[in-house]
Amino acid sequence: MKAKIYVTLKKGVLDPQGRAILSSLSHLGIAGVEDVRVGKYMEVRLKDAAPDDARRLLDDACRRLLANTVIEEYRIEIE
Amino acid sequence: MRIAVPVFPGSNCDHDAYHALKHVVGVDTAFVWHKRSSLEGFDAVVIPGGFTYGDYLRCGAMAKLSPVMDAVRRFAEGGGPVIGICNGFQILLESGLLPGAMMVNESLRFVCEYVHLRAETGRTPFTGGIAPGTVLKIPVAHYQGNYFADDATLAALEERRQVVFRYCDPSGDPTAGSNPNGSARNIAGICNERGNVLGMMPHPERCSEEELGSADGRRLFDSMVAWLKEKGK
């Protein structure tokens, strides 16, 4: 089975990369973009398991390695 | 007295640390490969800078899982002195041995330059010989040294005197202009509550001899040696 994991910066944590991208977009004349936040996207393939078990496993993986919960939050989507 | 310098894949300041300790300060020093799970026989640990595991995922995120870090954790819990420099600091943050996290520099640029630091407390083994208020000249070299912690953590750090170094101007004033990376409250180095674990972005091992532009870094290692001697090591 497959899962998608999105790791993004928590609200309130400044994102210097996102800010630079925002300003580059405006240099390109792409108007109307108000904010950009840069995050990570991971695709995980895992042994078939009950969705609850898979989620528990990935939650553990996120807390212990895939995300740094001091600055990041994560979202898990199981397919 | 014997000092450990853990070496991870991608460490690149390990030889600088070894040189400063062994040849400049003159203490017995040994490299410890990251697969080793014991620090038996060592009296202090200097985690060097570099780009462990190519900074994959996050700086220090892979290195925190190396067996030697379990040994470092036990060593720190026993009160042993540990200093993490640059990537070594990032590893200590990722390990949870120190609070907070590192962000990309505010400028989005790699900074590599001499900066000034104000020593805030002499309560760590590495700053016992440096009077609070002393201004040190020590270089930084990093892309992710923008220290972040939430407001409650920052307040607790201040209250418990865990801020050890702040970026400052040559007169010792922690101005915005003297902050090379956007770190919260100009923080350049912090210690744990007990004071035996210190993390700092600037590189004292790179400036322990006058011919390298400054010998101020040596003061941290001299302090460590004096601290260990006092303990009969």
Side-chain angles (χ1 to χ4, degrees), chain A residues 1-30 33-47 54-78, chain B residues 52-66 69-70 73 87 89-111 142-157 176 179-185 187 190 192 199:
Chain A
M1 66 196 293
K2 277 186 180 171
K4 295 172 176 173
I5 298 173
Y6 302 85
V7 178
T8 49
L9 287 173
K10 280 182 178 172
K11 236 186 204 164
V13 176
L14 285 178
D15 179 7
Q17 277 188 88
R19 218 171 36 196
I21 291 168
L22 180 66
S23 112
S24 295
L25 287 174
S26 118
H27 284 307
L28 284 172
I30 298 173
V33 180
E34 290 184 339
D35 194 21
V36 179
R37 308 276 285 169
V38 178
K40 295 189 186 96
Y41 166 68
M42 296 172 223
E43 286 179 344
V44 179
R45 208 154 53 84
L46 65 172
K47 278 189 187 152
R55 188 168 293 277
R56 233 189 322 273
L57 181 143
L58 292 172
D59 195 61
D60 191 36
C62 284
R63 274 185 291 106
R64 289 165 60 192
L65 180 64
L66 303 181
N68 179 339
T69 55
V70 175
I71 46 173
E72 295 168 330
E73 53 196 12
Y74 56 86
R75 187 159 55 83
I76 298 164
E77 282 176 11
I78 292 172
Chain B
T52 50
Y53 295 89
D55 282 346
Y56 288 173
L57 194 62
R58 296 178 306 277
C59 304
M62 301 290 154
K64 77 169 172 183
L65 301 172
S66 282
M69 287 311 296
D70 287 331
R73 182 173 284 106
N87 189 223
F89 184 11
Q90 293 165 337
I91 295 169
L92 290 174
L93 292 170
E94 279 285 338
S95 306
L97 282 163
L98 292 173
M102 285 299 172
M103 306 284 299
V104 170
N105 295 343
E106 204 171 46
S107 63
L108 293 177
R109 291 208 170 92
F110 189 97
V111 288
H142 59 251
Y143 180 60
Q144 304 205 13
N146 180 354
Y147 181 75
F148 174 88
D150 61 31
D151 289 340
T153 305
L154 288 171
L157 284 174
N179 186 340
N181 49 34
S183 285
R185 303 192 189 198
I187 287 172
I190 55 169
N192 60 347

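What you see below is based on every heavy atom in this structure, not just the backbone, and it leaves out hydrogens, waters and symmetry mates.
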Shortest non-hydrogen separation from [X] to [Y] and the atoms involved:
| X | Y | answer |
| --- | --- | --- |
| B:M103 | A:L14 | CE-O, 3.1 Å |
| B:V104 | A:Q17 | CG2-NE2, 4.2 Å |
| A:V70 | B:F148 | O-CE2, 3.9 Å |
| A:P16 | B:N146 | CG-ND2, 4.4 Å |
| B:R58 | A:L65 | NH2-O, 2.7 Å |

Worksheet item: Between A:K10 and B:D150, does a side chain to side chain contact (heavy atoms under 4.5 Å, CB included) hold up when you go through it step by step?
Response: CA-CA 11 Å; A:K10 280 182 178 172; B:D150 61 31; over 6 Å; no
Discussion item. If you count every heavy atom of other residues, nucleotides or ligands that lies below 6.0 Å from A:Y6 atom OH, does the total exceed 12?
Written reply: yes
Worksheet entry | Neighbour count >12 (heavy atoms, 6.0 Å) for atom CZ, B:R109 | no
Discussion item. At a 4.5 Å cut-off on heavy atoms, which part of A:V7 comes close to chain B: side chain, backbone, both, or neither?
Written reply: neither
Worksheet item: Is it the side chain or the backbone of A:R64 that comes within 4.5 Å of chain B heavy atoms, both, or neither?
Response: backbone
Item to complete: Can you tell which part of B:L108 gets under 4.5 Å to a heavy atom of chain A, answering side chain, backbone, both or neither?
Response: side chain
Practice prompt. Measure distances from B:L93 to the heavy atoms of chain A and classify the residue's part below 4.5 Å as side chain, backbone, both or neither.
Written response: neither
Fill in: Stepwise side chain to side chain contact (heavy atoms under 4.5 Å, CB included) check, B:M102 with A:I71
CA-CA 9 Å; B:M102 285 299 172; A:I71 46 173; over 6 Å; no
